[in-house]
**Q** 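Once you've had a glance at the structure underneath, I'll fire off some questions.
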Amino acid sequence: MDLTQLRQLQPYLWSFPLRPGEKRAEVLLYGTAPLLASMDDKVLEQIGNVASLPGLAGAAMTMPDAHWGYGFPIGGVAAFDAEQGGVISAGGVGFDISCGIRCLRSNLDLHDATPGLTALADILFRAIPAGVGEEGDIKLNPAQLDQVLQDGAHWAVRQGYGNTADLEYIEERGRVAGAIPDNVSELAKKRQRGEMGTLGSGNHYLEVQVVERIHDEDAASAFGLHEGQIIISIHCGSRGLGHQIGTDYLIMLAKAASRLGLPNRELACAPIKSPEGRQYIGAMNAAINCALANRQILTHLTRIACAKAYPHAELETLFDVSHNTCKVETHEINGKDRLLHVHRKGATRAFGPGHAMLPERYRAVGQPVVIGGSMGTGSYILAGASGNQAFASSSHGAGRAMSRNKASARWQGRELISKLAQQGILIRSRSMRGVAEEAPSAYKDVDLVAEATEQAGLARRVAFLRPKVCIKG
DNA sequence: ATGTTC
């Protein structure tokens, strides 16, 4: 991205000034000069397009890990006011609806766990269905799937996957309101009937990590984290169902958008108050519940696998964040509280200290936020910051720096795996091409993303996690 | 991300 097009407002905040004759809302970009310089110009074009959509509240924004996506950039945040003609966009949520990360803290430490890590890697690889189209042992009939879409992780706990203590630490406490299973196509449901409790592919993973560094002792203590502790993180979403909803509604919303005079098919959207808009929102909420249930089942499978390698192991849910959603929230703009539909695409909600929606245990320090790193580099746990000006949003990952095609042309999966093994990181995957696409060097530097996220006032770093075992799709 | 062509 050419930085001469931008105006630097603060050390970690930039604006994209209007060109003569251009009509759109403000665009704000969070990040350092090097991070922004490494982004594709497409990011700027895309967030500029978002700023021209009807009913936008405040500015359209990008997070420090932004890269270009379908319609909206990944790492994009945009809030719309239904009362002012605001819109809902499928491309503003993302195709993998409610993709997110479940973090589990363990009672194991690296020193004791090390001798069993190879066995754990093999057990997890057998226990966790992963890869494109991969199905699990759970097969649901249509009525059962509708219950999943209605009740999310609560459904999973009722079936014996995990426990009620998990629910307290899931965003929305395990279930969003407003899901309408009838708005989800039969094809989308059919694709999901065998895919509950599966990881998927691409950047999805299950990682066994060690807490290598604590940045904030108070928050770490509230989150139950200490140096040397083993953590397990599960990154996945709503699988075939979410993807099919994205496909179905892209077509419907594109028609609605053409009536609004928006020519760009990728910006497919409809007013929140329109029939099409309401219909998509009902389907999207159903997909959010599907993803929450999916991560709950995977948590259960992970506990069983972990107990085989370490009979005394206990895994508690630290938190479960979603980073592809649109959620209705109240935010203050110019001193006035407004009810907004906040699109976060590749962006994590990051409520600050004192927010009423947070579980009591974390309320004083802020919401746990996860910046998932690339395979082999590491991840950060952060806490939502007071005074976040980005509709309580934060970065979600390292963010790609290179396309999948380029990465798979440059690296060999097998070589990467042996190189990472030398660094003490065990990779298990059925797809060598997938591993090559996920090469650590195809991503931005997660340390720089986390540092910029903190310096920009979006979230505070709490702990750095180093991967030890990584199960890839 | 994805029954890898939205």
Side-chain angles (χ1 to χ4, degrees), chain A residues 46 65-76 89-101 129-136 139 184-196 198-206 234-258 264-269 280 283-284 287-288 290-291 294-295 298 322-326 343-348 372 374-375 396-400 402-409 413 429-438 442-443 472-473:
Chain A
Q46 291 187 322
D65 55 339
H67 53 113
W68 72 281
Y70 186 84
F72 285 45
I74 295 158
S89 165
V93 171
F95 272 75
D96 189 9
I97 297 167
S98 196
C99 181
I101 301 178
V132 177
E134 193 67 28
E135 298 201 339
K139 310 289 176 197
V184 179
S185 69
E186 288 308 314
L187 179 57
K189 291 177 181 176
K190 189 178 153 211
R191 283 180 65 174
Q192 194 60 30
R193 286 175 59 180
E195 288 194 348
M196 294 309 299
T198 65
L199 197 62
S201 65
N203 65 2
H204 290 169
Y205 59 75
L206 183 151
I234 303 167
H235 178 208
C236 65
S238 53
R239 307 289 286 107
L241 179 123
H243 187 269
Q244 189 61 45
I245 290 172
T247 304
D248 293 340
Y249 279 91
L250 187 82
I251 297 163
M252 180 200 274
L253 296 176
K255 286 178 191 157
S258 70
N264 185 345
R265 178 184 161 84
E266 293 195 5
L267 288 175
C269 63
Y280 173 71
M284 176 198 67
I288 290 177
C290 174
N294 191 31
R295 289 195 287 273
L298 286 166
S322 293
H323 48 230
N324 275 3
T325 59
C326 177
H343 292 67
R344 296 189 184 90
K345 180 189 191 180
T348 302
S374 59
M375 188 177 62
H396 82 306
R400 289 202 80 85
M402 186 188 290
S403 73
R404 291 187 173 280
N405 278 335
K406 261 191 173 174
S408 68
S429 178
R430 284 172 185 84
S431 166
M432 287 308 114
R433 185 193 161 98
V435 169
E437 287 179 356
E438 292 293 314
Y443 282 83
K472 292 291 290 183

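Residue numbers begin at 1 in each chain, while the letters A, B, ... track the order of the sequences. Just so it is clear, the structure is predicted and the values come from calculations on it, not from any experiment.
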**Q** Using whole Å, what does the distance between atom C1' of nucleotide dT2(B) and atom CG of Asn324(A) come to?
**A** 13 Å
**Q** When all nucleic acid strands are considered with a 4.0 Å heavy-atom cut-off, which category describes Gly91(A): base, sugar-phosphate, or nothing?
**A** nothing
**Q** Whole-Å distance between dT5(B) P and Phe95(A) CZ?
**A** 14 Å
**Q** Measure from CD1 on Ile97(A) to C1' on dC6(B) and round the result to the nearest Å.
**A** 12 Å
**Q** It should be established whether Ser201(A) places a side-chain nitrogen or oxygen under 4.0 Å from OP1 or OP2 of nucleotide dT2(B).
**A** yes
**Q** Atom CG of Leu250(A) and atom P of dT5(B): how far apart are they, to the nearest Å?
**A** 16 Å
**Q** Look at all strands and tell whether Gly246(A) reaches a base, only sugar-phosphate, or nothing, counting heavy atoms closer than 4.0 Å.
**A** nothing
**Q** Heavy atoms only, 4.0 Å cut-off, all strands: where does Glu195(A) land among base, sugar-phosphate and nothing?
**A** sugar-phosphate
**Q** Atom CG of Leu253(A) and atom CG of Leu267(A): how far apart are they, to the nearest 0.5 Å?
**A** 11.5 Å
**Q** Are Glu195(A) and Lys190(A) ion-paired here, with the side-chain N under 4.0 Å from a carboxylate O?
**A** no
**Q** Once you apply a heavy-atom cut-off of 4.0 Å, does Leu253(A) come out as touching a base, just sugar-phosphate, or nothing?
**A** nothing
**Q** Check the distance between dT2(B)'s P and Lys190(A)'s NZ and give it to me in whole angstrom.
**A** 18 Å
**Q** Using ring-ring contact (aromatic ring centres under 6.0 Å, His included) as the criterion, list what pairs up with His235(A), not counting sequence neighbours.
**A** His204(A), Tyr205(A), His323(A)
**Q** Using whole Å, report how far CD1 of Ile74(A) lies from C1' of dC6(B).
**A** 14 Å
**Q** If I take atom CD in residue Gln244(A) and atom C1' in nucleotide dT4(B), what distance separates them, rounded to the nearest angstrom?
**A** 14 Å
**Q** Could you work out, with side-chain hydrogen bond (donor to acceptor under 3.5 Å, both in side chains) as the rule, every residue matching Gln192(A), not counting sequence neighbours?
**A** none
**Q** What integer distance in Å separates Arg265(A):CZ from dC6(B):P?
**A** 10 Å
**Q** How about Lys255(A): does its NZ atom have over 12 heavy atoms from other parts shown lying under 6.0 Å from it?
**A** no
**Q** For a quick test of reading the model: is some side-chain N or O of Arg239(A) closer than 4.0 Å to OP1 or OP2 of dT2(B)?
**A** yes
